[in-house]
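Let me begin by presenting the structure, written as structure tokens, before commenting on it.
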There are 2 protein chains.
Amino acid sequence: MIIVINMPRKTPPHKKVCDCQGSRRSRRREAILDVLSSGEGHLSAEQVHKAAQKRMPGIGIATVYRALKCLCGCGKVLEFIPSDGVARYEPGGDKPHHDHLICTACGCFTEAVDPEIERLQARLAAKHGYAISGHRLEIYGLCPCCAKKK
Amino acid sequence: MIIVINMPRKTPPHKKVCDCQGSRRSRRREAILDVLSSGEGHLSAEQVHKAAQKRMPGIGIATVYRALKCLCGCGKVLEFIPSDGVARYEPGGDKPHHDHLICTACGCFTEAVDPEIERLQARLAAKHGYAISGHRLEIYGLCPCCAKKK
DNA sequence: GGCATATTGATAACTATTATCATTATGTCA
DNA sequence: TGACATAATGATAATAGTTATCAATATGCC
């Protein structure tokens with residue numbers, strides 16, 4: 001299974017914030033996971049924050065970032081960073097790997113996967129002597145809805 | 001030909017800084033282009049700045065950013081933004097499209113392309129009703145050099 | 001050479017994200 | 001149940017990368 005890997009940010013956390021094992025139960029972290037599990041996914045941290053505030057008024061943005069990092073660490077949430085450099089989050093866990101189609105007009109995300117592409121990527125990596133550990137594929141264009149409008 | 005497209009940043013420039021037509025000649029802009037043309041490519045703005053200072057002492061970082069934006073606008077330079085969110089620049093123009101293999105250990109970039117993958121991406125986009133305008137593919141793993149060390 | 005204006009450098013501002021730190025909540029153990 | 005160790009939290013400062021602002025300078029044209 002291919003995992004999407006993000007390059008390390010400039011200032012990585014010094015220690016694991018949460019391994020979701022020795023952690024205590026936290027109602028806010030649960031609320032944040034619930035936002036992603038029940039929502040449409042592909043939310044930025046700010047959007048997650050807004051949605052979480054409806055369930056848990058007063059929740060701080062720092063808590064959201066910490067919770068997302070924690071939830072990513074144990075696989076319950078997936079983070080991916082498109083070319084605007086702003087991290088997006090989606091529920092992980094049972095969800096299979098997929099790539100993203102991104103609409104250049106409305107900014108919406110569509111999930112898609114092509115096993116053939118996955119296979120060829122591995123081949124391309126091998127051809128260059130790379131031991132592949134992950135990949136990131138984004139396809140840009142007009143979504144059907146926006147294409148119709150033009 | 002497929003062009004790599006970056007999502008718009010949060011604070012896009014209000015106007016085109018330079019269309020490389022009505023522009024005046026600028027020795028610094030030329031120096032910056034020269035850095036990329038003669039160097040290894042895949043440089044961050046900061047790295048370009050450092051290299052440019054050797055040729056043009058006192059050149060400011062703002063000038064580097066402006067010049068890069070200008071040079072990207074007219075195709076002489078290509079910008080791509082990997083998952084650390086930090087823009088990298090490489091000479092454009094005559095260079096054909098390519099994807100990137102990125103080493104998770106040393107951070108080096110390798111250029112690669114597979115026509116088959118390109119074709120399948122177009123097919124995948126079409127399958128989802130997308131009018132494709134570009135894509136971005138990054139493959140992460142250990143480069144041959146780093147793989148050998150382990 | 002002089003003029004209109006494009007370009008520049010210093011620096012403030014901005015966005016997304018992480019670190020800090022005092023306060024609060026949680027779980028455990030007596 | 002109550003006390004205690006410590007994980008989690010919120011406010012906010014700090015950081016990195018990038019863009020905007022603005023006065024000073026450079027460029028091209030007459």
Side-chain angles (χ1 to χ4, degrees), chain A residues 6-33 43-50 52-53 55-74 77 79-89, chain B residues 6-33 43-50 52-53 55-74 77 79-89:
Chain A
N6 288 319
M7 299 169 75
R9 299 272 190 167
K10 190 75 175 195
T11 52
H14 291 159
K15 55 179 176 179
K16 225 180 200 175
V17 177
C18 154
D19 59 6
C20 286
Q21 285 165 8
S23 317
R24 290 179 182 171
R25 183 173 168 278
S26 154
R27 296 176 61 206
R28 349 231 159 180
R29 203 140 57 204
E30 283 166 6
I32 287 164
L33 179 57
L43 299 178
S44 67
E46 192 191 334
Q47 291 171 316
V48 171
H49 184 210
K50 273 210 186 93
Q53 278 186 319
R55 301 161 199 245
M56 192 70 57
I59 190 170
I61 185 71
T63 299
V64 172
Y65 275 105
R66 273 184 299 236
L68 288 172
K69 195 161 294 298
C70 159
L71 294 167
C72 285
C74 64
V77 166
E79 175 187 62
F80 87 102
I81 302 179
S83 64
D84 62 359
V86 179
R88 312 295 157 101
Y89 299 91
Chain B
N6 288 320
M7 299 169 75
R9 299 271 190 167
K10 188 75 175 195
T11 52
H14 291 159
K15 55 180 179 180
K16 224 179 198 174
V17 177
C18 154
D19 59 6
C20 287
Q21 285 166 8
S23 318
R24 290 177 181 173
R25 183 173 167 278
S26 154
R27 295 176 61 207
R28 350 231 159 180
R29 203 140 54 204
E30 283 166 6
I32 286 164
L33 179 57
L43 299 177
S44 67
E46 192 191 334
Q47 291 172 316
V48 171
H49 184 209
K50 272 210 187 92
Q53 278 186 319
R55 300 162 198 244
M56 192 71 57
I59 191 171
I61 185 72
T63 300
V64 171
Y65 275 105
R66 273 184 299 235
L68 288 172
K69 196 161 292 299
C70 159
L71 294 166
C72 285
C74 65
V77 166
E79 176 188 62
F80 87 103
I81 302 179
S83 63
D84 62 359
V86 180
R88 312 295 157 100
Y89 300 90

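The sequence lines fix the lettering, A, B, ..., with proteins before strands; numbering per chain opens at 1.
- Considering CG of Leu43(A) and NZ of Lys50(A), their distance stands at 11.0 Å, rounded to 0.5 Å.
- Summarising the geometry, the separation between CZ on Arg88(B) and C1' on dT18(D) is reported as 14 Å, rounded to the nearest angstrom.
- Dashed line: the shortest gap from a side-chain N or O of Arg27(A) to OP1 or OP2 of dA25(C) is not under 4.0 Å.
- Considering only the side chain of Ala45(A), dT17(C) comes nearest among dT17(C), dG17(D), dA20(D).
- For the pair Tyr65(A) and dT17(C), the criterion of a side-chain N or O lying under 4.0 Å from OP1 or OP2 is met.
- Note: Glu30(A) CD to Arg55(A) CZ = 12.5 Å, rounded to the nearest 0.5 Å.
- With distances taken from any side-chain atom of Arg25(B) to the nucleotides dT18(D), dT17(C), dG28(D), the minimum falls on dG28(D).
- Distance from the side chain of Arg24(B) is smallest to dT27(D) among dG10(D), dA16(C), dT27(D).
- Atom C1' of nucleotide dG17(D) and atom NE2 of His49(B) are separated by 14 Å, given to the nearest angstrom.
- Ile61(B) places its CD1 atom 13 Å from the P atom of dA16(D), with the value rounded to the nearest Å.
- Rounded to an integer number of Å, the gap from Ile32(A) CD1 to dG10(D) P is 8 Å.
- Distances shorter than 4.0 Å separate some side-chain N or O of Ser26(B) from OP1 or OP2 on dT8(C).
- Looking at every heavy atom in both residues, Arg29(B) comes nearest to Ser26(B) through N-OG, 3.1 Å.
- Listed here is the closest heavy atom pair of Ala45(A) and Val64(A): O-CG1, 3.8 Å.
- Between Leu68(A) atom CG and dT18(C) atom C1' the separation is 13 Å, expressed in whole Å.
- Checking dG28(D), dT12(D), dT9(D) against every side-chain atom of Arg28(A), the shortest atom distance belongs to dT9(D).
- Considering OH of Tyr65(A) and NE2 of His49(A), their distance stands at 10.0 Å, rounded to 0.5 Å.
- Residue Ile59(B) contributes atom CD1, which lies 17 Å from atom C1' of dA24(D) at whole-angstrom precision.
- Atom CZ of Arg66(A) is separated from atom P of dC21(C) by 14 Å (rounded to the nearest Å).
- Rounded to whole angstrom, the span from the CG atom of Asp84(B) across to the C1' atom of dT18(C) amounts to 16 Å.
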